[in-house]
There are 2 protein chains.
Amino acid sequence: MVSDDREDPGTERGHRHVRADAQRNMDALLEAALAVFTSSGVDAPVREIAEKAGVGIGTLYRHFPQRADLIAAVCRREIDACANAAVSLAAAHKPSEALARWMQRYAGFITTKRGLAPALHSGNPAFEGLRDYFEQRLQPALRNLLDAAAVAGEVRGDIDPDDLLRAVGSLGMRSGDDGPEHTQRMVALLVDGLRYGAGPGLPKTP
Amino acid sequence: MVSDDREDPGTERGHRHVRADAQRNMDALLEAALAVFTSSGVDAPVREIAEKAGVGIGTLYRHFPQRADLIAAVCRREIDACANAAVSLAAAHKPSEALARWMQRYAGFITTKRGLAPALHSGNPAFEGLRDYFEQRLQPALRNLLDAAAVAGEVRGDIDPDDLLRAVGSLGMRSGDDGPEHTQRMVALLVDGLRYGAGPGLPKTP
DNA sequence: GTTTTATACGGAACAATGTTCCGTTTAACA
DNA sequence: TGTTAAACGGAACATTGTTCCGTATAAAAC
């Protein structure tokens, strides 16, 4: 049934010709799924997504044989976007500002994907590799921002990126209690904490 | 599994007599639901619970009009059992030992009800009052254990029960990553931390 | 441009599960 | 024992995940 090299379902191109309509529908599905997940949570009906994307149910299931596959794909896509944002932000702002903005962006990613974290921890094998992807992709991105800001003397240099990621992650999950702007405030506080230990006249470059 | 602190909640006297079979079925349902939730998670099919309880679907829905109502009822029952356990443990062991055992019991409650925490934060109105119930019931129970142990000079006295509850809660949720005994070890560590600052006859002061 | 073919498409049909409805049974009481 | 209101059971309905397959079509071959 399925041909040989369909290992990479992402926007990878190069080996085999992908039919144009297939690629188009896949993109439409991912975009629709993102919108629906964001507004209705990851438990939203698949039919709603297919309809929003303007494709049939069969098409959706052709590209994402299981509901979890669609969730994972959307998630990967968002992780990539988040990691890429680090580069853009670093280019457009001074280090500490880029760091602050990225932290808020990451927090937004977490809070808007509510229901996703429980799904990740559900033991579903479709999500197996996703947690690693999380760290492998996001941790370097944040580390770069942190290092740059530390070198510029704008934040302290003794912070572990993973700690920050986890902290924001935890804050984001709890936001069901207090609303999304609570998370925003707490993240802002975290960033201020990073800035605290680093005076402008205190270069700590070894 | 320890479960002796469950006391029957339904024998409310005051208005009309509750039919014996109704009470019996309700108990059977709660017991079956607890077993099924523990082994299969809170998303287990209702039919399975009804069957295990030996009643029809209609009976289940008569007592718990929504699936969430059943989850909430089981949860309340377990919270009560956990709170009651504090009293039994305090009577049977020396203060720090009672505290340690209760912490493990609470941790067990959290980890075995996996999937419940996400449900609580899902915004479903059926769970509205449950979070409050959590704190109102468990916080005093833990406070008593803490105070007794502190007065006996077995643990430090500057600990906020809520902090401990939250800490164990967070540890329990993360246990999907590392298995339940990881949580157990971490809780044990917490308790040792409590013991650390308090020598016998040494009113602690850092 | 036409033909060919593998691929993709759409949606009906199936399966699992939450929920409702209603005829039947029965515990409680006189 | 007879009456009755409450409870029971499970078929039927609604929603949603998933599969299947006949049809349509993009890309290649000619």
Side-chain angles (χ1 to χ4, degrees), chain A residues 1-6 8-9 11 13-30 32-33 36-37 40-74 115 119 122 124-127, chain B residues 10-30 32-33 36-37 40-74 115 119 122 124-127:
Chain A
M1 63 187 298
V2 172
S3 61
D4 31 17
D5 53 54
R6 250 184 93 343
D8 191 346
T11 54
R13 55 193 330 159
H15 344 143
R16 201 73 169 164
H17 272 209
V18 179
R19 256 174 66 166
D21 54 349
Q23 183 66 49
R24 206 182 325 128
N25 283 334
M26 184 132 173
D27 289 343
L29 278 170
L30 284 173
V36 171
F37 288 162
S40 310
V42 292
D43 288 333
V46 245
R47 281 172 176 76
E48 191 181 333
I49 296 170
E51 189 181 5
K52 185 155 200 158
V55 307
I57 295 285
T59 302
L60 189 156
Y61 271 90
R62 159 167 288 267
H63 291 299
F64 307 100
Q66 305 271 336
R67 169 196 190 70
D69 296 326
L70 177 57
I71 297 176
V74 168
S122 67
N124 188 322
F127 298 131
Chain B
T11 47
E12 190 79 16
R13 305 273 159 160
H15 31 106
R16 270 287 197 245
H17 271 213
V18 179
R19 258 174 65 165
D21 54 350
Q23 183 66 51
R24 207 182 324 128
N25 284 333
M26 183 133 174
D27 288 344
L29 278 169
L30 284 173
V36 171
F37 288 162
S40 309
V42 292
D43 288 332
V46 262
R47 279 172 177 76
E48 190 180 335
I49 296 170
E51 188 180 6
K52 184 156 201 158
V55 307
I57 293 286
T59 302
L60 188 155
Y61 271 90
R62 160 167 286 266
H63 291 299
F64 307 100
Q66 305 271 335
R67 169 197 191 70
D69 296 326
L70 177 56
I71 297 177
V74 168
S122 67
N124 189 322
F127 298 130

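A, B, ... follow the sequence lines: proteins, then strands. Residue 1 opens every chain.
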Measure the [atom1]-[atom2] distance between [X] and [Y] for me, rounded to the nearest 0.5 Å.
| X | Y | atom1 | atom2 | answer |
| --- | --- | --- | --- | --- |
| A:F37 | A:L30 | CZ | CG | 9.5 Å |
| A:L60 | A:R47 | CG | CZ | 10.5 Å |
| B:D43 | B:R67 | CG | CZ | 6.0 Å |

Could you pull out the protein-nucleic contacts involving nucleotides 28-30 of chain D (nitrogen or oxygen on both sides, under 3.5 Å)?
residue, atom, partner, partner atom, Å
D:dA28, OP1, A:H17, ND1, 2.6

Given side chains that start at C-beta, do those of A:D21 and A:R24 come closer than 4.5 Å, heavy atoms only?
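The answer is yes, as the side chains (C-beta and beyond) meet within the 4.5 Å cut-off.
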
Nearest non-hydrogen partners of [X] and [Y], listed with the distance:
| X | Y | answer |
| --- | --- | --- |
| B:V42 | B:I71 | O-CD1, 4.0 Å |
| A:A126 | A:A68 | CB-CB, 3.6 Å |
| B:A73 | B:F64 | CB-CE2, 3.6 Å |
| B:A32 | B:I49 | CB-O, 3.7 Å |

Which of the following nucleotides, [options], is nearest to the side chain of [X]?
| X | options | result |
| --- | --- | --- |
| B:R19 | D:dG17, D:dA11, C:dA28 | C:dA28 |
| A:H63 | C:dC9, C:dG11, D:dA11 | C:dC9 |
| A:T59 | C:dG10, D:dT18, D:dG9 | C:dG10 |
| B:N25 | C:dT19, C:dA8, D:dC8 | D:dC8 |
| B:D21 | C:dG18, D:dA7, D:dT18 | D:dA7 |
| A:P45 | D:dT16, C:dT7, C:dA27 | D:dT16 |
| A:Y61 | C:dA8, D:dG17, C:dG10 | D:dG17 |

Would you kindly give the [atom1]-to-[atom2] distance between [X] and [N], to the nearest whole Å?
| X | N | atom1 | atom2 | value |
| --- | --- | --- | --- | --- |
| B:L70 | C:dG18 | CG | P | 11 Å |
| A:D27 | C:dC9 | CG | P | 12 Å |
| A:F64 | C:dC9 | CZ | C1' | 15 Å |
| A:R62 | D:dA26 | CZ | C1' | 13 Å |
| A:E51 | D:dG17 | CD | P | 14 Å |
| A:R67 | C:dA16 | CZ | C1' | 14 Å |
| A:D43 | C:dG18 | CG | P | 13 Å |
| A:I57 | D:dG17 | CD1 | P | 8 Å |

Establish, with yes or no, whether the OP1 or OP2 oxygen of C:dG18 is under 4.0 angstrom from a side-chain nitrogen or oxygen of B:Q66.
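Answer no for this pair, as no side-chain N or O of B:Q66 is under 4.0 Å from OP1 or OP2.
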
Base D:dT18 paired with A:R47 side chain (donor-acceptor, <3.5 Å):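 In this structure, the two groups form a donor-acceptor pair.
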
Of A:R24 and A:A44, the one whose closest nucleotide on DNA chain D sits nearer the 5' end is A:A44

